[in-house]
Amino acid sequence: MKAQVFVKFKNGVLDPQGQTILGAVNRMGHSFVKDVKVGKFFEIEIEKCENPDEKLKEIADKVLANPIIEEFRIEIAGEN
C-alpha cells in the first residue's frame, strides 16, 4: 500500500516562498492567480498493519510536520 502525506502551513502562518511564487506568476501576467501556498508531499510505501491511519498520523505529527505551524492530511491508497 502507499500512503500520501500532504503538509502545508496553517492559515495565518507566513508563507514567504508561496508569496515569492505568487509575485513571479503575477509578473508573468497571470493576474487571475490570487494566492499560492507551498507545502510538502510525502509518498510512503507501507505493509499491511493494524491501524495504519493512527501510525501514519503519529509519524506525520512527530517527523514530517511541525505541528505548531503546519497541518497535514493523509491519504492511503488501496493495495497494489
Side-chain angles (χ1 to χ4, degrees):
M1 291 189 295
K2 287 190 177 179
Q4 298 176 328
V5 181
F6 304 85
V7 179
K8 68 175 190 172
F9 287 116
K10 291 180 177 177
N11 286 336
V13 174
L14 186 62
D15 181 358
Q17 189 176 8
Q19 291 304 301
T20 299
I21 293 169
L22 175 63
V25 169
N26 287 164
R27 283 191 299 280
M28 293 172 62
H30 302 298
S31 59
F32 67 95
V33 178
K34 297 299 179 193
D35 196 16
V36 176
K37 301 287 187 195
V38 174
K40 297 180 274 188
F41 168 74
F42 301 89
E43 186 172 87
I44 302 171
E45 189 164 331
I46 58 174
E47 296 179 344
K48 281 188 174 181
C49 65
E50 289 186 31
N51 303 320
D53 291 324
E54 289 302 315
K55 292 175 180 171
L56 287 166
K57 183 177 177 183
E58 179 183 1
I59 291 168
D61 192 54
K62 294 184 177 177
V63 179
L64 304 179
N66 178 344
I68 296 171
I69 60 171
E70 296 174 319
E71 59 189 15
F72 59 85
R73 172 174 54 91
I74 298 170
E75 295 180 6
I76 300 177
E79 295 182 47
N80 291 332

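Looking at residues two or more places apart in sequence or on another chain, you find a side chain to side chain contact (heavy atoms under 4.5 Å, CB included) between Val7 and Val5, Lys40, Phe42, Ala65, Glu70, Phe72. Among residues two or more places apart in sequence or in another chain, the side chain to side chain contact (heavy atoms under 4.5 Å, CB included) test is passed with Glu47 by none. Listed by chain and number, the residues in a side chain to side chain contact (heavy atoms under 4.5 Å, CB included) with Pro67 are Asp61 (sequence neighbours excluded). Taking Val33 as the reference, Leu22, Val25, Asn26, His30, Val36 meet the side chain to side chain contact (heavy atoms under 4.5 Å, CB included) condition, with sequence neighbours excluded.
By the 4.5 Å side-chain criterion applied to Ile, Leu, Val, Met, Phe, Trp and Tyr, Phe41 is assigned to a cluster that also includes Phe6.
Leu64 and Ile68 fall into different hydrophobic clusters, where Ile, Leu, Val, Met, Phe, Trp and Tyr residues are linked whenever their side-chain heavy atoms come under 4.5 Å apart, directly or through other members. In the hydrophobic clustering of ILVMFWY residues, with side-chain heavy atoms under 4.5 Å counting as a link, Val63 and Ile44 come out together.
The side chain to side chain donor-acceptor pair (under 3.5 Å) analysis of residues 4-16, with sequence neighbours excluded, yields no pairs.
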Ignoring hydrogens and angles, write down the donor-acceptor pairs under 3.5 Å from the side chains of residues 51-59, residues two or more places apart or on other chains.
{"unit_1": "Lys55", "atom_1": "NZ", "unit_2": "Glu50", "atom_2": "O", "d": "3.1"}
{"unit_1": "Glu58", "atom_1": "OE2", "unit_2": "Lys62", "atom_2": "NZ", "d": "3.4"}

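Ile46 contributes atom CD1, which lies 5.0 Å from atom CD1 of Ile76 (distance to the nearest 0.5 angstrom).
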